[in-house]
Amino acid sequence: VYFIPGGLDCSISFVSHVLGKVCIHGRQKEILGVLVPRLTDLTKSDCIWQRICWRLVECVPDRWMEAVVLGFVQRAPGADVLSRLLGNLVVKNRKAQFVVTQKMLLLQYGHTTAVLQNLLGYLSLDSVRRTLLLRVLQELLETWSSSSAVKHSPAEQQLYISKAILICLSHLKEPEIERCRQELLTSMMEGVKCHLDSSLPQLRRLGMVVAEAISLKINTEGPVLKFEYEEEDETRELKSLLVQTPSFCVVPSLPDDDRSEKAGTALPLVLESSEQSHTAAPVMPDDESDAELDSDDDLIPYDMSEDKELKIKAPVYIRDCIEVLTGSRAEDVDKWEAAVKTLESLVRKNPAATREVSVELAKILLHLEEKTCIEGFVELRQRAQVAVLTTDPIPVAKYLTSQFYSLNYSLRQRIDILDVLVLAAQELSCPKFHGKTKHSGAQKPCIQLLPGSDSSKDWRRIVDERIKSKTRRFDMGQSRVELASRPNEFNSVAGYFFFPLIQHFDRPLTTFDLLGEDHLVLGRLVHTLAVLMYLAANTVAVTAMGKALLEFVWALRFHTDSSVRQGLLSCISSLLLSVPMERILADMTEELLETQSWLGDVMEKDPDGDCRRLALQNLLLMENLKKKLEAVPS
Amino acid sequence: MALPPPDPQFVLRGTSAPVHTLHFSCGDPEPDIPLLFSGSENGFIHVWNLKTHRVDTALDGHGRKSVYCVETMGGKDRLLSQGRDQRICLWDLAEGRTSVTDSVFTEHVGFCRCSLLKVAQGRWLMAMAARNLEEVQILELPSKTSVCTLQPEVGAKLGMPMCLKLWQLSCGSQPVLLAGYEDGSVVLWNVSMGKALSQLICHQEPVMSLDFDSEKAKGISGSSEKVLSIWSLNEQQNLQVYTTHELVNAGISDITIRPDKKILATAGWDHRIRIFGWKKLKPLAVLDYHTATVHCVSFSDHSSPRERLLAAGSKDQRISVWSIYAQT
């Protein structure tokens, strides 16, 4: 394709035009697939070819520049190759500069990490271009630290920007860091705040990783910022971006390697205090092979079989437990621990006794704080609460839902109330198929069925056996395991769990404002309502619940917090799954139509990917259910 | 078939407060009465008559603050007691008197029992924890002059001294102090030079009590965990771990070795007294009588071996007295 007219001055602008035109028509892959490797080889050591290449790209007309530059950046096998191919194009050509520094980084976010590495590496390789690198970093940090960007831009874009920031940081040299240390610090502080405020754990993690990286860069000695989060593929990938592996001259990057490795492992914060004392090696006592006569042999040991571990006796009656838990005597700490540990089993074994004191127990448990350090205190308390709630659902549910909206409870306690309601509802309704719990908090294993001990089951069993023995069977048929069935205890109490929670959500109290600051609790409340709706399938109250839930969702549908919106969409899913379609179509036609159009809107325009997916699922579900209804012959 | 453990020979009741310290004084020959001194949480020191099993005298010298150490100084007429009122009192009990002759203001707000050592006729050395956190002061009694102050080096982080034992290898040799600290280490101090000779980490938790056998150069310490630690002293005056023994329940308040060095007794937080053979730490008996933490154990100093007794004082306000392994 290419021939060198030796020594002749020729104009390459025709070739540039061709290249530009081809690229803009979308044929970047084909032409650059051939061009770029050829040029890479040719420009490796030959300066003239480098200049030719630069001229080539410089002459591409502005209207086609974007396509060409994009293509080159995507195709180039490395930052140094890109540097050879493009030269200082970004500095000379304004359009190219815009594409590289603004469009590809801030306005698009679909490019791979390799492309980012190419681009930013390219910017860092020349001193003229490095000013652009710094500018790019500043703008990226501005976006990263702006709270509206964190709230409204999709998670993928935020991940992209975080990656770009980390790669930029890895390219920065000491004097440059010195110069912009203050700005880095300010943006880091602001950015960390916005990220930690978010209710999506992925965004919080992103914020933490980037903040740690920035802090590492600006304080090379002394304590660095260290967050606690679970290591995941994403965080590991992000951290690996801080390490630079240039294709040449490995030596200067070694300090970077060490530093980023130290960032990965936890810094021991507790100083070793035992340097002074020496623990000498233990001298082994003389073995029995020693022939020394032992006057100890004269001493005959007594019977020590009674010597066992000391166990504190736990209280055996519920009222005793109550006394111990509310008592304030400091010496009864051991008894207090024992009471906390046995409370759940006592409650389940003595339902009648529990019913007498159920509300009092619920109150005590809600306010119970850890007096001593027991393992699994939170779980013990929660299980006891669930036990109390399932034993006496109506009064305790009334109490808990009223307390949810009362003054002076901590967020933790309010969320506890929601968790307990969900777990108890799950236990009471005991779905027969492995339900997908949408509530992220209720990951506890299913509580087992209590064995039915009343005589009504016995007679049925006896009758069944008698019938079985008397009837002659002609065909065995497939033996199927019959699932044990019991009446749905959630039926009578579903309303008591559900409606009080919905009632006061828009009434702010001095310490609790669901629609304002406490959107974290609102998110959890919405998810709880979704689960309760789902568990209320086949109950009498399900239609009324559905109607109330639809109104609730309608009122909150434009909430800014994406986890609340996800919760609302899962409410709709639960509703569609639980309320029979005939009832929906009969009682809630208008609301259904409105919801349908809202779902369509969400599916197209919502910035959060999960919301869009859930909206699509809901629409499909609606369609399927309607079709099923029409297919059933009336 | 092993015999069941013996019952207490008798039980002394009447302190009406948890008992924190015990000390026998039975060495005098007849017609002197064998006595047992006990210190309780209500500030009283009771002098028990071991023949009648009743209280002969009750001494009130610590302002109703708990008495946690009681020792005799050369006979039952001179008593030393240490209480939570930050004072150490010296009593004169001869001929029926009950007066405090002297007192030392220690300014120590912890629970570290002082340790006495007779160095010459009429002269004692006393080691006690002092006002500063990690310090141990050695005083000479009855003159109350300070011999030295034992301070660990800066940054050692040993914590409070928890238990002390002054001893000397033989009469006239250098007195040495063994101190157990809050961080679980035992330090050997040279008293005359005032510096530490050796340090050994014996436990992960504070050392609650220790005792030492100077003939065998072996010692034992107990702490709030489940392990008893036995350590030895070699010729270079270095402490080394000899062995450890794991207990069934955690927590030891007091350890004492019988004067004939054959057995030792431990007082446990699990309400039990355990007897071990000293040679190899063979478990010999578990005496389960008390219904609350046993705070102290003490062996009697009877001159006739057959009369030897073991006493244990507990939080349940009773003192149990046992006759165990008295025949050997």
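All values below were derived from every heavy atom in this structure, side-chain atoms included, with hydrogens, water molecules and symmetry-related copies excluded. A note on names: the letters A, B, ... follow the listed sequences, proteins ahead of strands, and every chain is numbered from 1.
In plain terms, the two heavy atoms of A:Ile300 and B:Leu284 that are nearest each other are C-CD2, 4.4 Å. Nearest heavy-atom pair across A:Pro301 and B:Tyr325 is CA-OH, 3.5 Å. Across every non-hydrogen atom of B:Pro5 and A:Asp303, the tightest pair is CD-O, 3.5 Å.
In the displayed structure, A:Lys363 atom NZ is contacted under 6.0 Å by at most 12 heavy atoms of other residues, nucleotides or ligands. When the shell of 6.0 Å around CD of B:Gln236 is examined, it contains more than 12 heavy atoms from other residues, nucleotides or ligands. Enclosure of atom CZ in B:Arg306 is not indicated, since only 12 or fewer non-hydrogen atoms of other residues, nucleotides or ligands lie within 6.0 angstrom. Heavy-atom contacts from other residues, nucleotides or ligands closer than 6.0 Å to NZ of B:Lys216 number more than 12. Atom OH of A:Tyr317 is surrounded by 12 or fewer heavy atoms from other residues, nucleotides or ligands within 6.0 Å.
At a 4.5 Å heavy-atom cutoff, B:Asp288 makes no contact with chain A through either its backbone or its side chain. Neither the backbone nor the side chain of B:Leu247 comes within less than 4.5 Å of any heavy atom in chain A.
The CD1 atom of B:Ile275 sits 9.5 Å away from the OH atom of A:Tyr302 when rounded to the nearest 0.5 Å.
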